[in-house]
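Written out below as structure tokens is the structure these notes cover.
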Amino acid sequence: MAKKNDSLNRRGFLKGAAAGAAAGAVSVVTPATVTPATPAETQVGGNAAPVVPAPTQQQLARETGAVRPPANVRAVERPGSDLMVQVLKDMGLEYVAANPGSSFEGLQESFINYGNPPNKTPEFITALHEESAVTMAHGYGKAEGKPMIALLHGTIGVQHAAMSIYQAYHDRSPVLMIAGRDEGFIAAHTAHDMAAMVRSYTKWDAQPKTLAESLTALQRAYNEAVTPPTGPTLVVLDTELQKEEARELKVPAYRPPQITGIDSTRAREIAKGLLDAQNPRIAVGRLRTPQGVKSAVELAELVGASTSTTATNGPMSFPQRHPLCGPGASTSYDYTLGLETPGAQVSLIGPGLATLLSRDSANIGFGGITPAAGGRGGRGGAPAANANPPIQVDAETSLPAIIDEVKRQITADKRRGIEERKAKHAEANQKAFVEALTQAVQARRNGWDSSPVATARIYAELWPLIKNEDWCLASPSGFSGGHNVQLWEHNKPYSCLGGQGAGGMGYGAPASVGAALAAKSRNRMVINVQTDGDLNYAPGVLWTAVHHKLPMLTVMHNNRAWHQELMFVEYMCGVRGRGTDRGHIGTSLREPFIDYSKMAAGYGMASEGPITDPTKLAAALKRGVDSVKRGEPYLIDVITQPR
Ligand SMILES: Cc1ncc(C[n+]2csc(CCOP(=O)(O)OP(=O)(O)O)c2C)c(N)n1
């Protein structure tokens, strides 16, 4: 293994006097003494193994701790990584999550020391696993509609992150990833083409060869991540580029991406369709940012369209309790506008686009992502059989043009009719909501007092404690009965962040931590109803929540099993006629039971439980909410029914 040294780089491209000086632990290398690497030297690829010079006595002394480097000597006046961090600051990135790795030590040093104040925008977030770092960014991206950074160690860190990158890609979450690359240290941690191992589920990647290219690559990666279809992007940054002297190199000005919307002819047609209809419908899927949600509300109100939403099952959709949200006064729609609504969208409130296409319709957006087998490409859900072909441009960017056209075409006469229709929709939707809620509450009384605790009781008893707060349900709720869908009201773009993306476990806690990073500066709290199997993939993220004082309440849905798989195995036992009594083998978490309250305490988190008596739940939830409001994350272990 090559020994680590303290020079500008590890591949011996210090030359002449500079190389001699670097051999001493107190070397001061000025720009004038360093010959910069030529592009050919920084080139990756080719088959020749890099030549690693033998370490000097001084280097060995430093490495073994016998000699400490002086604290007050700066080897480089203006390290390349300062410029990299400046580029990230200019784009307004709030956080960078990382598990440490020497392949980005130059960059890490700049993150924590460069700027005034240092370690702010972005702030360094300590992750205990790379998978958690990326999933934090995945959750943050869903909550805010913009990326945070996940910083990954070369090769092995990228490999650890792979599943979470895959999930973020499926889930269209914008994530900016940076991986360090170090040719001269541990050969097994580098790669000629670092991004290759995750390329089929990474939207865009680059491995720049110069510092100047690195800066523009970071800007491009950000822009690619936020340009629809949004997704994770990756820039691989060589240690040499992080550490080289930047001299006079300027930080390029950031230019946000130009996102394309529909053309004016289409906007005119759609506005006319909505205004001419007697009963227009707008089906809203997942828009990109809160601004898109605002525009969708404005359009629905202007034309008096009833709307469907996916807000109970994912972010950035139409507010669930808006008076226009619901089936409306009549479900005979004569014009339907779909906004980012894939045919397969689940949990649309009221009839969804796929089921009730009106005679006339337009469907704008990229919808969901359905990667072709093996990954890359194949974006966009299959359109409903009778749908017009989707207009594959960004719905959010298209909305202002449609709104302008509606304002241009609307007449006083139409306005009167629209106001009448809106009043009727509001009344019908309120009635439908109350009916559905009454039925839902009635159904949830079943098993209310049972022990283990009914999952419905967790959601039902949490609601009064949070409904007047600004909250975000960051964990998926499908395995926990999905009771929020009917018992809670999802009116903010981030009220509910939905599923894992690609069904990968190990998602709930880190995604909630990412959402809590977004929540912290916005006086919001995050709810994480946490299944036990899911938490055990990378529980260290609880420590991250404590360390960074994140507003996150975790309530364990602890059914002491990977219950989904238990059901599958029991089914198999059943159909093969061999009895289900051994179905728990390999699917249950018993002997011993895991004590999650103690686990949380071990990571420094305030906690309580296990709770088996349902009458003890409400008070515990209150203690949890109060703790989170004080800025201290809290975990309550509840022993629950399986679902
Ligand atoms: C990374 C990963 N490994 C395995 C699976 C297979 N799997 C699907 S559901 C499930 C059980 C999840 O258990 P838990 O989170 O406790 O939820 P429960 O089913 O008990 O409600 C597993 C292991 C998966 N989806 N992802």
Side-chain angles (χ1 to χ4, degrees), residues 128-136 138-139 158-171 173 197-198 201 313 346 371 375 447 450 452-459 473-485 497-513 527-542 554-573 580 583-597 599-600 609-612 635-643:
L128 279 68
H129 194 302
E130 291 83 356
E131 183 176 290
S132 310
V134 173
T135 304
M136 281 180 216
H138 179 176
V158 177
Q159 288 170 331
H160 252 182
M163 185 201 77
S164 47
I165 301 171
Y166 184 64
Q167 301 233 84
Y169 180 81
H170 257 273
D171 212 7
S173 189
M197 56 192 127
V198 293
Y201 39 93
N313 193 41
V346 287
S450 54
V453 178
T455 53
R457 194 154 176 168
I458 294 176
Y459 288 89
L473 175 63
S475 51
S477 65
F479 282 2
S480 310
H483 303 289
N484 64 299
V485 172
L497 301 188
Q500 302 88 351
M505 297 296 117
Y507 167 87
S512 298
V513 167
I527 307 297
N528 170 31
V529 180
Q530 177 65 60
T531 57
D532 52 337
D534 183 85
L535 181 63
N536 279 298
Y537 288 84
V541 76
L542 297 177
T554 296
V555 184
M556 292 304 299
H557 161 28
N558 180 5
N559 56 23
R560 293 172 160 169
W562 294 279
H563 186 74
Q564 188 60 50
E565 299 300 327
L566 174 69
M567 292 190 290
F568 288 146
V569 173
E570 284 191 338
Y571 174 81
M572 235 29 243
C573 296
T580 57
H584 65 275
I585 297 174
T587 56
S588 61
L589 284 155
R590 47 164 113 155
E591 292 168 19
F593 291 135
I594 298 169
D595 187 331
Y596 295 97
S597 174
M599 177 195 270
I611 291 176
T612 50
L635 181 143
I636 304 167
D637 185 11
V638 186
I639 310 302
T640 61
Q641 297 289 328
R643 278 278 179 272

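Along the sequence shown, the residues carry numbers beginning at 1. Whatever order the structure lists them in is the order used to number ligands and atoms, beginning at 1.
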Answer yes if the ring centres of His170 and Tyr201 are under 6.0 angstrom apart, and no otherwise.
no
Of [options], which has the heavy atom at the shortest distance from [atom]?
atom	options	result
atom 2 (C) of ligand 1	Met505, Gln167, Glu131, Met567	Met505
atom 21 (O) of ligand 1	Gln530, Gln564, Arg643, His557	Arg643
atom 20 (O) of ligand 1	Met163, His563, Gln500	His563

I'd like to check which ligand 1 atoms, numbered from 1 as shown, lie under 4.0 Å from a non-hydrogen atom of [X].
X	value
Asn559	18 (P), 20 (O), 21 (O)
Gly504	26 (N)
Asp532	16 (O)
Ala561	16 (O), 20 (O)

May I ask you to check whether [X] and [Y] show a side-chain donor-acceptor distance below 3.5 Å?
X	Y	result
Asp171	Tyr166	no
Thr455	His483	yes
Ser477	Asn484	yes

Keeping [X] on the side-chain end and [Y] on the backbone end, is there a donor-acceptor pair under 3.5 Å?
X	Y	value
Ser450	Gly447	yes
His557	Phe479	yes
Asp637	Met556	no

Considering only non-hydrogen protein atoms, determine which one is nearest to [atom] and report residue, atom name and distance to 0.1 Å.
atom	answer
atom 13 (O) of ligand 1	Trp562 CA, 3.4 Å
atom 16 (O) of ligand 1	Gly533 N, 2.7 Å
atom 25 (N) of ligand 1	Gly503 O, 2.8 Å
atom 15 (O) of ligand 1	Thr531 OG1, 2.7 Å
atom 4 (C) of ligand 1	Tyr537 OH, 3.6 Å

Can a non-hydrogen atom of Gly506 be found less than 4.0 Å from any atom of ligand 1?
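False for this residue.
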Hey, could you give me the CD/CD1 distance between Glu131 and Ile165, rounded to the nearest 0.5 Å?
10.0 Å
At what distance, to the nearest 0.5 angstrom, does OG1 of Thr587 lie from CD of Gln564?
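The CD atom of Gln564 is 11.5 Å from OG1 of Thr587, to the nearest 0.5 Å.
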Can you find an N/O atom of Glu565 closer than 3.5 Å to an N/O atom of ligand 1?
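So ligand 1 has an N or O lying under 3.5 Å from an N or O of Glu565.
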Nitrogen or oxygen atoms of Pro642 and ligand 1 under 3.5 Å apart:
no
Tell me whether His563 at atom NE2 has more than 12 heavy atoms from other residues, nucleotides or ligands lying less than 6.0 Å away.
yes
Heavy-atom pairs closer than 4.0 Å: do any link ligand 1 to the side chain of Ser480, the backbone, both, or neither?
neither
